[in-house]
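What follows is a single structure, written as structure tokens, with notes after it.
What you see is a predicted model, and the numbers here were worked out from it, not measured in a lab. The chain is numbered in sequence order, starting from 1. Both ligands and their constituent atoms are indexed starting at 1 by order of listing.
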Amino acid sequence: MIDRRTFLEFLGKGTVGALFVPSFLAGCTPGKWETIVPIAPASADRILMATGLSYELLIKWGDPISETDQFGFNNDLTACLPFDPAQPTDGILWVNHEYIHSGFVSGYWGKGEKTREQVEQEMYAVGGTIVRIRQQRNGKWEIVENDPLNRRITGKTDIPFQWPTPIYGRTSAMGTLANCSGGVTPWGTILTCEENYDSFYGERNRETGERNPGADKWYTHFDNPPEHYGWVVEVDPKTGAAKKHVALGRCAHESATVSTLPDGRVVVYSGDDANNQCLYKFIASEPHSLEKGTLYVANLEEGKWVPVDFASQPVLQARFLDQTEVLIRLREAAPLLGGTPLDRPEDVEIDPHTGAVLVSLTNNYGKNNYYGSILKIEEEGGDHAALRFQHSTLLAGGPETGFACPDNMAFDAAGNLWFTSDISGTMMHKEPYEDFKNNALFVVPRAGAQAGQVLRIAVAPVDAEFSGPWFAPDGRTLFLSVQHPGENSGRPTTLTSHWPDGGEAIPRPAVITIRGAALDALQRATE
Ligand code: FEO
Ligand code: CA
Ligand code: CA
């Protein structure tokens, strides 16, 4: 169990000195929210917020974004970019759409085989949404309907591979799917990660060539190769142009978190979210580009990044045909190189004050790790291109800290750590998770009287998880996904949630915006 003092030392508070106060708050006088009163675990079918915070619904599944397109299902990453950096109230919002609940999306409740039309409905529900958003004078963010930027990327959008040779015979893939978390590049594009891709087209066994069936079985109508999914996809939100970056490898990418080096090259961190899978980083070899570079896998025992490189690794040459096959079979290559198996590495975020790299390790039932933790990686010399690092546990979940199963994280401009929990729908409210109740949003203040405390400040509706937290350019709004409310609804007559519409309505995943004096005060707190 880590105590508060140790946590602050881990954050590097002692070396940073006075904390940064965002410019928009520099002239503010302290408000009444000197302390945040955390809220108790709850199991209601509604969103609960700590005093001093409030939320508004921005967009939900099925809402029109243009005359031809609608918002997709099970939204995750939200990334709000300024349309014009001089106008923080005018933004472009990218939202990931991860997976589907067939009953809600296509009316398939598990009997017989899906029709082609049902599969196409499901293909439309995943991928991503781009919408122009504006903040009104009263502070409320709204979708700009029919803005020329508004568009969908779906499971049927043709997306080329960024790679010199075809991937399983084709130079492009049909669609993107399983879009979980991701990141943004310094040149203003979105990185969207294809996480549990095997649910849709299964996975091919390398030795036998047989396909392991996925839950959704889209291949019964669209025989696309499984190898076309599991990539980091870059999208230009102003044009919708997309490409799949083969150089970053193929696995259940949860996220793609970008750091920019002084020479303009970028480093991308990404976890493979499954039990006993690895953490990776890609170091680009050219500025402002992800097309070329070296992929590394983390060996925590020796504190080193190992290149996933066919040309220099005899152990890879002995098993694979070439670098293309190594990248397609990244999960099989990593253990050969000494990659450390981790307990479901999900989101990665970089501490804006210290440069430390935080990794959510959600859980690992096979190792009796039910509560998860947040791992801290400190690169040698604070250099994200370094090939040596040290690691430690920043925060451990459990009854003492009051959270379980950390997933997505975000730092605000003042360096407070925000994170969400993802206790799975099948395990929520069951041993050993009963006391945690519904999933929640937490904040760990960096300064002030509550520095280092883990504060539960919002609770999600039934079966849902909060995901994809992202701060608006001015830091005063937190965009947040409410994903899979009512996921355990087995039939249309036994709905477990009616959020957000209430009554007898079916549940709908949605994006909310959180604002309030408490959020502002958190970013104002100093030592
Ligand atoms: Fe899509 Fe690992 O959460
Ligand atoms: Ca996640
Ligand atoms: Ca998760």
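Under the salt bridge (Lys or Arg N to Asp or Glu O under 4.0 Å) test applied with Arg250, the options Glu227, Glu203, Glu325, Glu332 reduce to a single match, Glu203.
Counting only distances under 2.8 Å, and ignoring water, the protein N, O or S atoms around atom 2 (Fe) of ligand 1 are Glu195 OE2, Glu254 OE1, Asp273 OD2, Glu346 OE1.
The Ca ion (ligand 3) has no N, O or S atom of Glu465 inside 3.0 Å of it. Because the distance cut-off is set at 3.0 Å, Asp422 qualifies as a neighbour of the Ca ion (ligand 3) through one of its N, O or S atoms.
Looking at Glu98, its N, O or S atom nearest to atom 1 (Fe) of ligand 1 turns out to be OE2. Among heteroatoms of the N, O or S kind in Asp407, OD2 lies nearest the Ca ion (ligand 3).
Under the 3.5 Å distance criterion, the side-chain polar atoms of Asn363 are left unmatched by any main-chain donor or acceptor of Tyr365. Checked by atom type and distance alone, the side chain of Thr393 never pairs as donor or acceptor with a backbone atom of Leu375 at under 3.5 Å.
Aromatic ring centres of Phe479 and Trp470 lie farther apart than the 6.0 Å criterion allows. Two rings, from Tyr229 and Tyr201, have their centers less than 6.0 Å apart. Taking the six-membered ring for Trp and the full ring otherwise, His228 and Phe161 have centroids separated by under 6.0 Å. A centroid separation of 6.0 Å or more is found between the aromatic rings of Trp61 and Phe104.
Between the side chains of Glu487 and His101, no donor-acceptor pair of N or O atoms lies under 3.5 Å.
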